[in-house]
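For clarity, every value in this text was computed on a predicted model and none was experimentally measured. Numbers here are sequence positions counted from 1. When reading the values below, keep in mind they use all heavy atoms of this one structure, side chains included, and skip hydrogens, waters and symmetry mates.
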Amino acid sequence: MPTSSTTDSARPAGGVQSLERAFDLLERMADAGGEVGLSELSASSGLPLPTIHRLMRTLVACGYVRQQPNRRYALGPRLIRLGESASRLLGTWARPYLARLVEETGETANMALLDGDEIVYVAQVPSKHSMRMFTEVGRRVLPHSTGVGKALLAGFPPEEVRALLGRTGMPAATDKTITTPDGFLAALEDVRRLGYAMDDNEQEIGVRCLAVPVPGSPTAAAISISGPAGRVTESATEKIVPVLRQVAVELSEALATPGT
């Protein structure tokens, strides 16, 4: 019976290494804005050009990367379906943590992601109060008028925030909405100083929202509670924010745990 010079135990090791390298390259492409050249990937990853070229050929053949007319490489359309499915699952995984937020704060809990220049809500657990806030899962809003938007953009450099606001504009949802880049950047300074973000009647009159980012999330994500301004008072905020932070840390740890 013929035998191979490569043992069964050795064969998977090379495959696993190639798989790890391929995913690393995809993440580096995403960090670079979605389009890079081979030399840039080689410089950032430390891999030799022939290895990168071989991996990119495979990713192109699978549709996960495409080669542009300028010979640079861009993330491919097959990743969109994977990302959409993963976003839906992220909301499913978050629901038990949002349910805990509702139990401990009494207010509606949400999870939202930054998708391009927009905020998209991927999960919600409603408050048990008869008067409660409701945001449809899948709803998209501009970040400048939301607590989750502030929580997420507080981690971005000011020039990137200005560029985003330039693309989206800053329409007023209410007379409390921040409508200038300078005003919004000042609000982000408050978020960094306080450690949480607030939408104070800025998306809807009579509603306050408190939000914190999910640290180390695989994609930019934040969790929040929202409720009537009469219930989400200053004294209530002092009690709610530590709960938000703790749940965000626990959710982050769960997302980072394989098999969770």
Side-chain angles (χ1 to χ4, degrees), residues 16 19-20 22-24 26-31 34 64 75-129 132-141 143 146-156 191 195-199 203 209-227 232 239-260:
V16 169
L19 189 61
E20 289 175 345
F23 279 119
D24 179 64
L26 289 172
E27 291 190 4
R28 290 178 187 279
M29 291 177 72
D31 290 342
Y64 297 120
L75 296 176
R78 282 197 76 181
L79 291 171
I80 296 172
R81 181 170 62 90
L82 299 181
E84 289 175 344
S85 297
S87 293
R88 287 193 293 270
L89 286 173
L90 191 60
T92 301
W93 296 328
R95 282 187 62 82
Y97 297 88
L98 299 184
R100 236 190 75 205
L101 270 179
V102 175
E103 288 296 325
E104 297 196 29
T105 69
E107 304 300 343
T108 295
N110 311 280
M111 183 179 190
L113 308 180
L114 183 63
D115 184 21
D117 291 342
E118 296 178 316
I119 297 297
V120 57
Y121 289 91
V122 295
Q124 180 178 86
V125 175
S127 166
K128 296 176 182 177
H129 289 291
R132 61 194 181 199
M133 304 304 106
F134 179 79
T135 298
E136 183 181 358
V137 172
R139 181 188 179 201
R140 291 176 173 271
V141 295
T146 64
V148 286
K150 291 177 186 174
L152 291 170
L153 292 182
F156 282 61
V191 174
Y196 70 92
M198 176 184 284
D199 153 18
Q203 179 67 218
C209 171
L210 306 173
V212 298
V214 178
S217 174
T219 187
I223 58 174
S224 68
I225 63 92
S226 54
V232 186
K239 298 174 183 176
I240 291 170
V241 168
V243 178
L244 265 174
R245 289 175 177 157
Q246 181 60 33
V247 171
V249 168
E250 292 176 9
L251 175 56
S252 173
E253 291 172 350
L255 293 175
T257 304
T260 299

field: Criterion side chain to side chain contact (heavy atoms under 4.5 Å, CB included) on I223 and N110, from CA distance to verdict
entry: CA-CA 6 Å; I223 58 174; N110 311 280; over 6 Å; no

Any idea which heavy atoms bring [X] and [Y] closest together, and the distance?
X: A211; Y: V148; answer: CB-N, 3.7 Å
X: S217; Y: L255; answer: OG-CD1, 4.5 Å
X: A123; Y: L98; answer: CB-CD1, 3.7 Å
X: A197; Y: V191; answer: CB-CG2, 3.7 Å

Residues 111-118 side chain polar contacts: donor-acceptor under 3.5 Å, at least two apart:
from: D115; atom 1: OD2; to: R140; atom 2: NH1; distance (Å): 3.0
from: D115; atom 1: OD2; to: R140; atom 2: NH2; distance (Å): 2.6
from: D117; atom 1: OD1; to: R167; atom 2: NE; distance (Å): 3.4
from: D117; atom 1: OD1; to: R167; atom 2: NH2; distance (Å): 2.9
from: D117; atom 1: OD2; to: R167; atom 2: NE; distance (Å): 2.7
from: E118; atom 1: OE1; to: R140; atom 2: NH1; distance (Å): 3.2

Would the distance check show the side chain of [X] and the main-chain N or O of [Y] forming a donor-acceptor pair, the cut-off being under 3.5 Å?
X: S252; Y: V214; answer: no
X: K150; Y: D199; answer: no
X: S224; Y: C209; answer: no

Would you say [X] and [Y] make side-chain contact, with heavy atoms under 4.5 Å?
X: L210; Y: Y196; answer: yes
X: Y121; Y: T146; answer: yes
X: L251; Y: W93; answer: no

From [X] [atom1] over to [Y] [atom2], what is the distance, rounded to the nearest 0.5 angstrom?
X: M29; Y: L79; atom1: CE; atom2: CG; result: 8.5 Å
X: E253; Y: Y97; atom1: CD; atom2: OH; result: 8.5 Å
X: R139; Y: I119; atom1: CZ; atom2: CD1; result: 11.5 Å
X: E250; Y: R100; atom1: CD; atom2: CZ; result: 4.0 Å

task: Apply side chain to side chain contact (heavy atoms under 4.5 Å, CB included) to R95 and Q124, showing your working.
output: CA-CA 7 Å; R95 282 187 62 82; Q124 180 178 86; 5.7 Å; no

field: With E27 via side-chain hydrogen bond (donor to acceptor under 3.5 Å, both in side chains) - residues at least two apart
entry: none

task: List in chain and number order the residues that pass side chain to side chain contact (heavy atoms under 4.5 Å, CB included) with T105, two or more places apart in sequence or in another chain; answer none if no residue qualifies.
output: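 Listed in chain order: L101, E107, I225, I240, V243.
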
message: Between E103 and K128, does any NZ, NE, NH1 or NH2 come within less than 4.0 Å of an OD or OE carboxylate oxygen?
response: yes

